[in-house]
Amino acid sequence: MNTKTMEGLVGAGINMEMVNTPFRVYKQARLEGDTETMERSMGYMNDFSEKAESYQTKADEGMKEDAKEAREKAELERKKAVEKRRQEREDVEKKLEENRAKTAESKMDSVEISEDGKMLQKEAATEETVDAEASSKKTAAREPVTYVKVDVDIVETAPIKEMKGTSVDCSV
């Protein structure tokens, strides 16, 4: 709480309490009919109430300053929280990227081919090219193939062992 606010609230409270004393004197003077004492007590009451109002104004100013400081503090905290979240997100992304890199490295296998293997690979590659050239020449020289559909009825037959001694009609 701001010092202006505290001073204003305390001052206003004390002065409002101090208004009660001249007010009691005013009531007593009214009952007695003493107008001079009534006027004096009214003057004191006005003085105390004016002081209470000035302290109330001071308290209002202090409360406005408190509210302004609270808004600035809240904005600063919000910015810090946003920065913290952004930093945490960047850290998580870095960790994920590192994990992806580690996972990719662990999944990759490497193969080394010996000199003998390289020689065999070259020989196989040259044989494939020779075979591919020969097959392309053969396919170019061949005549086109014609496919014909044939209808065939399938007849169930008994196993050969059971067919001994029986005659089977194979006419279609």
Side-chain angles (χ1 to χ4, degrees), residues 1-24 44-157 159-160:
M1 185 181 283
N2 193 336
T3 56
K4 275 187 172 181
T5 305
M6 290 183 350
E7 183 182 340
L9 291 174
V10 170
I14 289 172
N15 280 296
M16 289 306 293
E17 289 293 324
M18 291 181 74
V19 167
N20 290 335
T21 305
F23 189 65
R24 273 186 259 129
Y44 289 125
M45 285 178 18
N46 283 336
D47 289 342
F48 288 129
S49 60
E50 285 175 5
K51 285 182 183 178
E53 286 179 19
S54 68
Y55 279 115
Q56 180 62 39
T57 313
K58 193 180 252 187
D60 289 341
E61 289 173 5
M63 288 174 28
K64 286 180 184 177
E65 289 176 10
D66 283 343
K68 183 180 177 183
E69 289 174 9
R71 282 192 302 268
E72 290 172 356
K73 185 178 178 182
E75 180 68 21
L76 182 64
E77 288 177 7
R78 187 187 65 78
K79 286 181 181 180
K80 285 181 180 179
V82 167
E83 180 64 27
K84 183 179 178 182
R85 286 188 196 116
R86 186 185 61 76
Q87 186 65 34
E88 287 174 354
R89 187 177 62 239
E90 288 177 1
D91 292 343
V92 167
E93 288 175 0
K94 285 180 184 177
K95 287 180 182 178
L96 285 174
E97 189 64 34
E98 289 173 3
N99 287 342
R100 286 183 191 140
K102 288 178 183 176
T103 305
E105 288 175 6
S106 66
K107 287 184 179 178
M108 264 191 233
D109 290 334
S110 61
V111 177
E112 287 187 31
I113 301 174
S114 66
E115 293 299 321
D116 294 334
K118 289 178 183 177
M119 296 289 287
L120 290 172
Q121 186 179 14
K122 284 181 184 178
E123 290 175 7
T126 55
E127 287 177 9
E128 286 178 5
T129 55
V130 170
D131 289 342
E133 289 174 2
S135 66
S136 65
K137 288 179 183 177
K138 288 180 184 177
T139 54
R142 277 198 257 163
E143 293 187 24
V145 177
T146 307
Y147 295 96
V148 180
K149 184 178 179 182
V150 178
D151 291 333
V152 178
D153 292 336
I154 298 174
V155 178
E156 289 186 25
T157 57
I160 296 175

How about Phe48: does its CZ atom have over 12 heavy atoms from other parts shown lying under 6.0 Å from it?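 For Phe48, atom CZ is crowded (more than 12 foreign heavy atoms under 6.0 Å).
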CD/Gln121: more than 12 non-hydrogen atoms of other groups inside 6.0 Å: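 Not buried by this count: 12 neighbours or fewer within 6.0 Å.
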Check: residues 4-13 side-chain donor-acceptor pairs under 3.5 Å, at least two apart:
residue	atom	partner	partner atom	Å
Lys4	NZ	Glu65	OE2	3.4
Thr5	OG1	Gly62	O	3.1
Thr5	OG1	Met63	N	3.1
Thr5	OG1	Asp66	OD2	3.2
Glu7	OE2	Lys58	NZ	2.8

Residues Asn46 and Glu50: side-chain donor-acceptor under 3.5 angstrom: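 Side chains of Asn46 and Glu50: no pair found under 3.5 Å.
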Working to the nearest 0.5 angstrom, can you tell me the gap between [X] [atom1] and [Y] [atom2]?
X: Glu77; Y: Lys73; atom1: CD; atom2: NZ; result: 5.5 Å
X: Glu17; Y: Ile14; atom1: CD; atom2: CD1; result: 9.0 Å
X: Gln56; Y: Ser49; atom1: CD; atom2: OG; result: 13.0 Å

Step by step, work out the side chain to side chain contact (heavy atoms under 4.5 Å, CB included) result for Leu96 and Val92. CA-CA 6 Å; Leu96 285 174; Val92 167; 4.1 Å; yes
What residues, two or more places apart in sequence or in another chain, satisfy salt bridge (Lys or Arg N to Asp or Glu O under 4.0 Å) together with [X]?
X: Glu97; answer: Arg100
X: Glu88; answer: none
X: Glu72; answer: none

For [X], what residues pass the side-chain contact (heavy atoms from CB on, under 4.5 Å) criterion, not counting sequence neighbours?
X: Lys80; answer: Leu76
X: Glu90; answer: Arg86, Gln87
X: Glu115; answer: Lys118

My understanding is that only residues two or more places apart in sequence, or in another chain, count here; which of them pass side-chain hydrogen bond (donor to acceptor under 3.5 Å, both in side chains) with [X]?
X: Arg24; answer: none
X: Glu75; answer: Arg78
X: Asn20; answer: none

